[in-house]
Amino acid sequence: MSAFLKDLAMAPAITHEKLDQLPGPDRTRNYIRGLLVEHGALPRRDELAVRYDQWATGALERVSSDEHRDVVRRYIRWHLQRRMNQLETVPQGTFLRSKQTTTVAIEFLNWLHDHGTTLAELRQEHLDAWLADGPSTRRFVDRFVPWAIKCRLVDPDLTIAPHRRGTSPKLSKPEQDAAVERVVHTDELTGRDRAAAVLVLVFGQHIEDVIKLTWDDVTVTDDLVTVRLGETEFALPSPLDQPLRQLAATPGNDLTASHPNSNWVFRGYRPGSHIQGSSLRSRLKSVFSTRAARLGTLHELTKLGPVPIIADALGYHPSTIERHAIGSASVYSQYVAAKRELA
């Protein structure tokens, strides 16, 4: 850290580009950059978009042939980065998916090259063989192939069997209740993590949505704690409200230079940022799997009311909640199916 700061002090001007050029660990660079941005010494920029651009430049060097490298370059620029440019800020999930998609596309094209085949010569038997002879992550080529079809780079009749929905494990009702008991009545988790856990276990929220909550979404009074999720404000009964009350009283990282004016409910260690979803998932894993908990909660909630109401209240698309309703064999989903048969 001291060596990095010394190099920075000797720079004639402090810019994002100068920070990118200074030697030192990325963790130090990103932390210093965040501090400078939070205190107005540097303008804000979309760090994940920049990081993907820098990563993609290096990733192109891994493509075996010039012809395929040009294809990957076009895919990155006109598909992945174009989508990023349409966003106000690039979320962590989009950043990671874009890296994964690019990596799988490169591995697939290198495999074709090793087997003496170009993308233009790709046939269904090549695609099937590649999918069958490797890890499950190869299935993410289903993000690249449709783009290649749209750009008329491959046979338009190529197909990839869709992933079967409804096969992921989910917490049963007794397991959910046991997890809530551990979250609320033990000190296994910090106050911040307990508050996040309640939102996943009780309201079936995505971690990515939980970490983006601000204090504009949460109201804490002596009598009541409410949280706005989707289009609805939910009141948290005692003792489910206690973690958020504790967090409101001591939000964490509030006495450091990292968060001079932060409005995030779940403040991270990086200046001006909320906590990272991957970090939160890892900490909650000691009590429950966030994905299994969320799916289990949605499975149970669809037994309690109509799909449109649950979707609006929790901020989900109706088709997502409808799939859970059908999977739970709830009375309401059976009613919807019957109505469709009569229509």
Side-chain angles (χ1 to χ4, degrees), residues 1-62 76-77 80-81 83-100 102-103 190-193 195-196 207-217 247-248 250-284:
M1 175 74 80
S2 58
F4 187 90
L5 291 174
K6 183 178 179 180
D7 290 339
L8 183 62
M10 295 175 63
I14 300 177
T15 64
H16 283 294
E17 292 71 25
K18 184 59 182 178
L19 277 176
D20 291 338
Q21 296 168 4
L22 289 178
D26 287 340
R27 184 172 183 178
T28 298
R29 186 191 332 279
N30 292 335
Y31 187 81
I32 296 299
R33 191 195 309 276
L35 286 176
L36 293 172
V37 169
E38 282 304 299
H39 292 272
L42 280 179
R44 293 189 181 276
R45 73 175 187 177
D46 195 333
E47 287 303 318
L48 291 182
V50 173
R51 283 173 57 188
Y52 176 75
D53 180 60
Q54 295 171 342
W55 176 89
T57 299
L60 285 170
E61 299 301 318
R62 303 201 304 266
I76 290 172
R77 181 174 181 181
L80 298 175
Q81 289 183 322
R83 287 189 171 185
M84 289 184 185
N85 293 336
Q86 294 172 347
L87 302 172
E88 185 175 346
T89 57
V90 175
Q92 180 78 4
T94 298
F95 168 71
L96 294 176
R97 281 193 299 273
S98 297
K99 287 182 62 177
Q100 184 181 55
T102 305
T103 297
T190 65
R192 182 179 63 177
D193 292 349
I207 286 291
E208 286 74 14
D209 294 328
V210 170
I211 62 179
K212 293 177 184 177
L213 286 174
T214 70
W215 287 110
D216 294 331
D217 302 309
L247 197 57
T250 55
N253 296 326
D254 56 328
L255 299 180
T256 71
S258 301
H259 296 277
N261 301 295
S262 179
N263 197 33
W264 297 117
V265 173
F266 300 100
R267 298 175 181 177
Y269 294 108
R270 290 179 56 188
S273 301
H274 54 64
I275 57 178
Q276 296 298 312
S278 57
S279 176
L280 180 57
R281 284 192 192 89
S282 178
R283 295 198 300 276
L284 295 182

### Task
Decide side chain to side chain contact (heavy atoms under 4.5 Å, CB included) for Tyr52 and Thr94; before the verdict, give the C-alpha distance in whole Å, the side-chain angles of both, and the deciding distance to 0.1 Å.
CA-CA 10 Å; Tyr52 176 75; Thr94 298; over 6 Å; no

### Query
Under the 3.5 angstrom rule, does the side chain of Asp46 hit a backbone N or O of Val90 as a donor-acceptor pair?
yes

### Summary
Note: Trp264 and Trp215 closest approach over all heavy atoms is O-NE1, 3.4 Å

### Query
Looking at Ile211 and Gln276, what are the two nearest heavy atoms and their distance?
CD1-C, 4.4 Å

### Task
Return the minimal non-hydrogen interatomic distance between Thr102 and Leu80, and the atom names on each side.
OG1-CD1, 3.2 Å

#### Entry: Value rounded to 0.5 Å, distance of CG in Asn263 from NE2 in His274
12.5 Å

### Over all atoms of both residues, closest heavy-atom pair of Lys212 and Asp217
O-OD2, 4.5 Å

### Query
Rounded to the nearest 0.5 Å, what separation is found between the CD1 atom of Ile207 and the CZ atom of Arg281?
6.0 Å

#### Entry: Least distance between heavy atoms, Ala13 atom then Lys18 atom
O-CG, 3.8 Å

### Gap separating the CD1 atom of Ile14 from the CG atom of Leu36, nearest 0.5 angstrom
5.5 Å

### salt bridge (Lys or Arg N to Asp or Glu O under 4.0 Å) partner of Glu47, chosen from Arg44, Arg45, Arg51
Arg45

### Query
Taking all non-hydrogen atoms of both residues, which atom of Arg192 and which atom of Arg267 are closest, and how far apart?
NH1-O, 2.5 Å

